[in-house]
Amino acid sequence: MGENLVIVESPAKAKTIEKFLGSGYTVKSSFGHIRDLSKKNLGIDIEKGFEPDYLISEDKKKVVAELKALAKKAGMVWLASDEDREGEAIAWHLQEALGLEAAKTKRIVFHEITKDAITNAIANPRNVDMNLVMAQQARRVLDRLVGFELSPVLWKKVKPKLSAGRVQSVALRLIVEREREIQQFAAKSQFKVEGVFHPAGSDDSALVQAEVTHRFDNEKEALDILEKSKGAQFNIAAVEEKESKRTPPPPFTTSTLQQEASRKLGFSLSQTMRSAQNLYEAGFITYMRTDSVNLSKMAISAAKQSITELYGKEYSKTRQFTTKSKGAQEAHEAIRPTFMSNLTIEGSAQDKKLYNLIWKRTIASQMADATIMRTQITIASNSLDHDFIATADRVAFDGFLKVYMESRDDDQAEEEKEFTLPALRPGQQMEPQTIKAVEKFTQKPPRYTEASLVKKLEELGIGRPSTYAPTISTLTQRGYMVKDNRPGQERSFREHTLTAGKITSKTKKETWGTEKNKLFPEDIGILVNDFLVENFGPVMDYNFTAKIEESFDKVAEGKVVWNKLIADFYKPFHKMVDETLTVSRPTNAERILGTDPATGKTVLARIGRFGPLAQIGDNDDPDKKFMSLAKGQLIETITLEEALKLFELPRSVGEYKGSDITCAIGRFGPYLRYNGKFISLGKENNPYTIDLETSILLIEAHFAKEAQKQIKSLPEIGAEILNGRFGPYIKIGKDNYKIPKGTDPATLDAQTVKEIVEKSSKTGKPKKNGK
DNA sequence: CAGTGAGCGAGCTTCCGCTTGACTT
């Protein structure tokens with residue numbers, strides 16, 4: 001047993017550090033926070049100056065007991081939790097919970113895991129900074145007060161089990177307000193004029209694509225350009241070439257990693273974090289929950305060496321980035337490979353892809369600027385008021401672009417493609433091949449993705465690297481929002497083309513507004529948001545966190561006493577809670593949509609016991625009818641026609657072989673019901689209009705497929721051998737069993753199946769067919 | 001993959017941040 005006990009937060013970190021420190025040091029991990037406010041009640045004694053009631057967390061009792069025993073034997077305990085507010089608090093809680101003597105305890109910090117940093121830390125110990133600890137306590141107490149006073153208001157006024165909090169409620173507000181911006185957005189029609197030219201007298205191989213930068217608000221103006229272009233003389237008015245530099249983006253933080261993994265690899269937040277955790281635990285990357293873009297000296301020089309070896313000296317340029325994001329605590333390095341010389345790693349396909357992304361981003365951050373030559377050609381005509389402009393970018397020196405290019409969020413952003421322009425000189429005559437006036441529509445604001453929401457939260461200084469992914473999953477779990485795909489809508493646009501002196505006009509169709517993996521608010525989320533914004537404005541303010549963080553900083557500097565800060569916040573806040581509770585009317589979004597032409601009754605949409613619904617008849621009408629709203633429909637935006645349409649289903653399609661066929665929309669989309677079976681309609685068929693003939697075809701196709709699924713039937717033991725998604729398997733009643741490798745499923749008999757079932761029930765338990 | 005849409009009313013729900021497993025499917 002070592003003389004010295006070092007306690008860090010993460011077990012993976014403990015392992016590495018133990019190697020650096022060698023004999024005489026035992027390094028253990030606390031696995032994060034070990035104590036927290038009591039969960040049973042508020043955990044805060046408001047009367048006694050907001051005194052916190054700390055308890056050792058249930059899942060940490062074992063760790064604490066172990067650390068306590070080790071601390072007793074150690075000559076010196078080194079508290080080496082992270083160098084930030086939370087880390088300081090962990091150190092203090094350890095000191096308290098382990099009962100450490102002051103003379104036997106030292107606090108050390110390092111924000112990179114290198115031998116130098118660690119030995120340096122050991123040589124420069126300090127005491128626990130109580131101002132910083134109290135700043136954390138203020139943060140913790142405030143979050144508990146907000147969360148545990150607001151949530152019960154929602155239970156009473158809206159629905160049980162809902163939640164509200166400083167971070168999640170503002171994130172929800174972003175989603176709801178963006179949705180409203182989109183609903184209120186009216187696309188404006190504009191005309192874009194573009195032309196394809198070639199030098200006069202030359203063949204068509206030297207084509208130049210150019211466009212008029214001005215957008216025309218009406219069709220007439222745009223057509224006018226085409227008219228004037230008929231027989232017009234065009235020539236090159238200017239050829240300009242400009243050089244520009246592009247610098248690489250900084251290495252990854254949690255937030256930028258989540259964004260790029262989402263854009264480039266299509267990973268969800270949780271996929272990214274799970275994969276990063278794997279890489280971290282395997283020792284391939286540094287810590288994955290960080291807000292810092294800092295790289296250690298060692299990493300920078302390793303990157304320099306790799307770049308020089310792989311691409312040459314001219315590609316290397318060492319850089320140190322500085323963190324700009326609000327409220328960053330910078331306890332760790334940026335996310336980077338532990339060894340830059342590892343170009344690839346062993347692991348799952350997902351882990352490999354993520355590692356590759358991290359490697360490229362880190363390497364790129366230490367590479368030279370790219371030099372881009374932009375050529376701009378102006379084509380003008382005396383007959384026209386507007387010039388045509390052609391631009392082309394040429395990479396003169398690729399620099400960091402050799403390995404990495406950052407992606408962008410806006411899905412409509414045009415691909416940056418490189419095309420070359422033919423060599424042209426001013427004054428040269430040009431001939432138009434075609435000139436087009438195309439109708440374009442202004443773009444609505446984009447819906448958030450998980451990753452772009454994180455980006456926004458980080459900009460506002462709301463939430464921390466360890467909470468981005470959990471916050472977003474909480475909003476989903478509460479039913480406040482969904483990550484979803486939505487089909488686009490069709491719209492027509494006008495296009496006029498001038499070719500060979502003749503103008504042709506067409507109306508074309510395009511699909512717009514297709515959404516993939518975007519965040520949509522649900523009715524309950526909209527309701528909760530509006531309720532919170534109306535009654536708790538100050539807490540729902542986008543700047544609330546930023547402002548309160550300034551106060552926490554003052555506590556950390558020793559300028560403000562923590563519970564004075566809390567008292568100042570709590571008094572007006574609690575008053576808002578009390579006042580809201582005395583407003584007796586429970587909140588329920590209800591919208592009158594109009595009158596049902598068939599019955600003359602009122603049609604309305606509201607939230608019912610089981611979610612949003614459409615209703616024909618007033619609430620006190622004993623014969624009122626209900627239908628749940630369909631996926632994608634909101635109380636706020638559903639129309640009378642859409643609501644009435646809901647009542648057309650389920651619909652009888654007809655009869656086939658003596659059984660009824662009905663059609664309806666379920667959780668997984670439209671389906672046919674026939675003899676107790678559900679048959680999906682697919683995208684091509686409309687549940688409101690599908691006819692008997694098409695339905696029969698679908699049913700027949702379904703049965704044909706079912707038959708194919710079956711390999712063998714063993715009725716004597718009630719077993720069936722089926723072809724499933726993961727290959728053949730045995731099905732008995734509701735239980736499924738794997739077939740051992742190397743067995744041909746077609747040769748299975750009752751006896752062998754029995755044996756397989758017996759064996760598998762010994763190892764695994766039969767699957768429960770529950771939720 | 002339906003249909004439910006309600007004054008008997010227990011006991012429960014919930015926050016943010018720091019960390020990993022221990023569980024199934």
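Protein chains get the first letters and strands the later ones, always in sequence-line order, with residue 1 at the start of each.
Distance from the side chain of A/Lys60 is smallest for B/dC18 among the nucleotides B/dC18, B/dC1, B/dA6. Minimum atom distance to the side chain of A/Arg140 is reached by B/dC15, of the listed B/dC15, B/dG5, B/dA2. Counting only heavy atoms from C-beta on, A/Val167 has its side chain closest to B/dC16 among B/dC18, B/dC16, B/dT14. Comparing B/dC16, B/dT20, B/dA2 by their closest approach to the side chain of A/Arg673 singles out B/dA2. Nearest to the side-chain atoms of A/Pro11 among the listed nucleotides B/dT4, B/dT20, B/dC16 stands B/dT20. Closest to the A/Phe678 side chain, of the nucleotides B/dT4, B/dT13, B/dC1, is B/dC1. Comparing B/dC15, B/dG5, B/dC18 by their closest approach to the side chain of A/Ser151 singles out B/dC15. For A/Arg609, counting side-chain heavy atoms from C-beta on, the closest listed nucleotide (B/dT20, B/dC15, B/dG5) is B/dG5.
Contact check, A/Arg139 against B/dG17: no side-chain N or O comes under 4.0 Å of OP1 or OP2. For the OP1/OP2 pair of B/dC16 and a distance below 4.0 Å, the side-chain nitrogens and oxygens of A/Thr467 include no atom meeting the criterion. Residue A/Thr471 has no polar side-chain atom (N or O) positioned under 4.0 Å from OP1 or OP2 of B/dC16. Here A/Gln136 does not reach the OP1 or OP2 of B/dG17: none of its side-chain N or O atoms lies under 4.0 Å away. For B/dC15, one of the phosphate oxygens OP1 or OP2 lies less than 4.0 angstrom from a side-chain nitrogen or oxygen of A/Ser163.
Atom NZ of A/Lys601 is surrounded by more than 12 heavy atoms from other residues, nucleotides or ligands within 6.0 Å.
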